[in-house]
Amino acid sequence: MVVVEPLRIICIVGESEFFFHPSMAVIRIKEIKSGKNDQMINAMGLCDGQRLLDCTLGLATDAIVASYILGPKGFVLGIESSPLVASIVQIGLQKSYKKTSHDVLNAMSRIKVFKGDHRITLEELPDNSFDVVYFDPMFRIPMSKSSGINALRPLADHRPITNRVLDSALRVASKRVVVKENRWGNELEKLGFKYIEGGKNSSVRYGIMFKDG
C-alpha cells in the first residue's frame, strides 16, 4: 500500500514502511565537513567535477554523499530497478527538509534518477562515459539494525552482481568500478576482486577494480 502524506510518500509492505529521508547522508556529510574520512569516497577516489554512475540507487544515501563531493560541476546518475522505489526517491530528492543544510539539499537536487535495469543500461552506455561505476547490491546477510534497508528489502532486486555485469561496468568506467559488501560476505572474492578496502573495523568493505588493471 502506498500512502501519500503532505510531506512524504510511504510504501507499506507487511510491517515495514519504506520512505525517503536523507538522514544518514546528512550525518556522513557533516562528518566529512569536520575532517573525517568517508570510506566509500576513499574507495571511489572521487573528486570535484567527476561523473558517477550508481547502479543500485536504493535510498540514495551513497549517491547524495558522492554528489556533495563531486560538486556543481559533477554528475550523478542513479539507476533503480524498482519503479516504486525510484519514484519515491526521485520525489524525495527534490524536497526540502528541516534542519538540512543547503549543501546537502543542493547535492540531492543534482542527482538524476533513472528507472531501469542496470544490466541492460550498462550494455547501452558508451565506453568511458562515467569516471566511476558503483554497486551497492542488497546484502545476502542482512544488517538487521538498519530499519531503512530492511524496509527496502522486500522491494529490492536481489539478483547478485555477475562477472558479465562487471565487464560492462569496466567498459563504461574510465577510472574504476566499486562494489560494496558487508564484512561477513564473500561475494567480492568470488567476483575476483584483488583490492578490497575496509572491513576490519567497519561493518562494510569495498571491492575496487581499476580500469588500468
Side-chain angles (χ1 to χ4, degrees), residues 24-25 28 31-32 35-70 74-81 114 116-143 146 149 152-153 156-213:
M24 286 307 301
R28 287 171 59 187
E31 290 178 343
I32 291 173
K36 293 184 179 179
N37 288 323
D38 187 275
Q39 193 176 28
M40 181 200 74
I41 297 301
N42 291 341
M44 290 184 181
L46 292 181
C47 60
D48 183 71
Q50 289 185 324
R51 302 155 297 165
L52 170 68
L53 176 63
D54 185 340
C55 290
T56 50
L57 183 64
L59 286 163
T61 301
D62 289 341
I64 296 170
V65 177
S67 180
Y68 168 74
I69 294 296
L70 297 179
F75 177 65
V76 178
L77 175 63
I79 304 174
E80 174 52 51
S81 61
F114 179 79
D117 187 334
H118 66 256
R119 297 161 185 81
I120 297 173
T121 304
L122 282 170
E123 293 184 353
E124 296 174 344
L125 287 170
D127 294 1
N128 303 315
S129 50
F130 288 84
D131 294 288
V132 179
V133 177
Y134 176 66
F135 298 88
D136 178 12
M138 186 58 64
F139 295 156
R140 299 294 185 88
I141 304 174
M143 296 175 68
S146 177
I149 296 298
L152 174 64
R153 186 170 289 276
D157 182 350
H158 292 268
R159 289 177 294 176
I161 304 299
T162 65
N163 289 110
R164 178 176 176 176
V165 170
L166 287 180
D167 287 342
S168 295
L170 280 169
R171 180 185 59 78
V172 172
S174 65
K175 297 186 180 300
R176 65 179 73 181
V177 173
V178 179
V179 177
K180 181 180 179 180
E181 181 183 51
N182 68 27
R183 67 178 179 182
W184 301 282
N186 61 353
E187 293 298 312
L188 297 180
E189 287 80 5
K190 289 181 180 179
L191 290 169
F193 280 90
K194 303 299 182 184
Y195 188 85
I196 299 175
E197 182 172 311
K200 185 177 181 180
N201 298 312
S202 172
S203 59
V204 298
R205 58 188 190 145
Y206 298 87
I208 305 170
M209 287 187 177
F210 296 96
K211 186 61 174 279
D212 59 7

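Quantities reported herein were computed from a predicted structural model and do not represent experimental measurements. All values below come from the heavy atoms of this structure, side chains included, with hydrogens, waters and symmetry mates left out.
- Classified by interplanar angle (parallel below 30°, tilted 30° to 60°, perpendicular above 60°), the ring pair Phe75/Phe130 is parallel.
- Between the Arg171 side chain and the Leu122 main chain, a donor and an acceptor come within less than 3.5 Å of each other.
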Run the side-chain contact (heavy atoms from CB on, under 4.5 Å) check on Leu166 and Phe193 step by step: do they pass? CA-CA 10 Å; Leu166 287 180; Phe193 280 90; 3.9 Å; yes
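- Here the CZ atom belonging to Arg205 is positioned 13.5 Å from the NZ atom belonging to Lys180, to the nearest 0.5 angstrom.
- A side-chain donor-acceptor contact under 3.5 Å links Thr56 to the backbone of Asp136.
- The minimum heavy-atom distance linking Leu57 with Ala63 is given by the pair CD1-CB, 3.7 Å.
- Contact check for Gln50 versus Lys175: side-chain heavy atoms found under the 4.5 Å cut-off.
- Distance alone, capped at 3.5 Å, is enough to place a donor-acceptor pair between the Asp131 side chain and the Arg51 backbone.
- Using modelled atom types, one side-chain atom of Glu181 and one backbone atom of Asn186 make a donor-acceptor pair closer than 3.5 Å.
- Contact annotation: the side chain of Arg159 approaches that of Asp117 to within less than 4.5 Å [non-hydrogen atoms, C-beta and beyond].
- Rounding to the nearest 0.5 angstrom, the gap separating the CG atom in Asp62 from the OG atom in Ser67 is 12.5 Å.
- Heavy-atom minimum distance, Leu46 versus Ala66: CD1-CB, 3.7 Å.
- The structure places CG of Leu125 at 12.0 Å from CD1 of Ile120, a figure rounded to the nearest 0.5 Å.
- From Phe210, atom CZ reaches atom CG of Leu170 across 11.5 Å, with rounding to the nearest 0.5 Å.
- Nearest approach of Ile161 to Leu191, heavy atoms of both residues: O-CD2, 3.4 Å.
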Take Met40 and Ile69 through the test side-chain contact (heavy atoms from CB on, under 4.5 Å) and record every step on the way to the result. CA-CA 11 Å; Met40 181 200 74; Ile69 294 296; over 6 Å; no
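- Residue Glu123 comes nearest to Ser168 through the heavy atom pair CG-OG, 3.9 Å, listed as atom of the first residue, atom of the second, then distance.
- In terms of heavy-atom proximity, Trp184 sits nearest to Ser203 at CZ3-O, 4.2 Å.
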What verdict does the side-chain contact (heavy atoms from CB on, under 4.5 Å) test give for Arg28 and Tyr68, after you've listed the backbone C-alpha separation in whole Å, the side-chain angles of each residue and the deciding distance to 0.1 Å? CA-CA 10 Å; Arg28 287 171 59 187; Tyr68 168 74; over 6 Å; no
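- For Asn182 (side chain) and Gly185 (main-chain N/O), a donor-acceptor pair under 3.5 Å exists by modelled atom type.
- Annotation: the span from Lys211 atom NZ to Asp127 atom CG amounts to 6.5 Å, rounded to 0.5 Å.
- The shortest side-chain heavy-atom distance between Phe114 and Leu53 does not fall under the 4.5 Å cut-off.
- Atom-to-atom distance recorded for Lys194:NZ and Ile208:CD1 is 15.0 Å, nearest 0.5 angstrom.
- A side chain to side chain contact (heavy atoms under 4.5 Å, CB included) with Leu52 is found for exactly one of Leu77, Leu70, Val178, Val133, namely Leu70.
- Heavy atoms only, all atoms of each residue included: Pro137 and Val179 are closest at CD-CG1, 4.3 Å.
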